[in-house]
Engineer: 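Quick one: structure below, then a few questions.
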Amino acid sequence: MEYHVSIQARKGLKVIDVWENADVFNEFGQTLAPILTKNGITPTQPVVSPLHYKYSANHVH
């Protein structure tokens with residue numbers, strides 16, 4: 001994972017992650033979903049979107 005942020009939303013938290021690619025994200029999801037379920041959290045279906053651009057103070061990607 002390259003970036004992870006979360007914000008307080010109307011109904012809980014909103015989490016935004018930026019991953020290297022979809023395969024790495026999907027592999028992580030297979031590990032995370034059982035952990036969430038075990039702890040009483042129902043995993044939701046993620047919304048996956050391509051990154052338009054990435055900006056940092058040092059350079060634009």
Engineer: Apply side chain to side chain donor-acceptor pair (under 3.5 Å) to Gln30 and list each qualifying residue two or more places apart in sequence or on a separate chain.
Structural biologist: none

Engineer: For residues 1-15, which residue pairs qualify under salt bridge (Lys or Arg N to Asp or Glu O under 4.0 Å), counting only residues two or more places apart or in two chains?
Structural biologist: Glu2-Lys54

Engineer: Show the atom names and distances, to 0.1 Å, of all donor-acceptor pairs under 3.5 Å that link a side chain in residues 16-28 to residues at least two apart or in another chain.
Structural biologist:
| from | atom 1 | to | atom 2 | distance (Å) |
| --- | --- | --- | --- | --- |
| Asp17 | OD1 | His4 | ND1 | 2.5 |
| Glu20 | OE1 | Met1 | N | 3.4 |
| Glu20 | OE2 | Met1 | N | 3.3 |
| Asn21 | OD1 | Asp23 | N | 3.0 |
| Asn21 | OD1 | Val24 | N | 2.9 |
| Asn26 | ND2 | Ala22 | O | 3.1 |

Engineer: Tell me which donor-acceptor pairs under 3.5 Å the side chains of residues 32-44 have, and how far apart each pair is, sequence neighbours excluded?
Structural biologist:
| from | atom 1 | to | atom 2 | distance (Å) |
| --- | --- | --- | --- | --- |
| Thr37 | OG1 | Ala33 | O | 3.0 |
| Asn39 | ND2 | Ile35 | O | 2.8 |

Engineer: Could you identify which residues cluster with Ile7, counting Ile, Leu, Val, Met, Phe, Trp and Tyr as linked when any side-chain heavy atoms lie under 4.5 Å apart, either directly or through a chain of such contacts?
Structural biologist: none

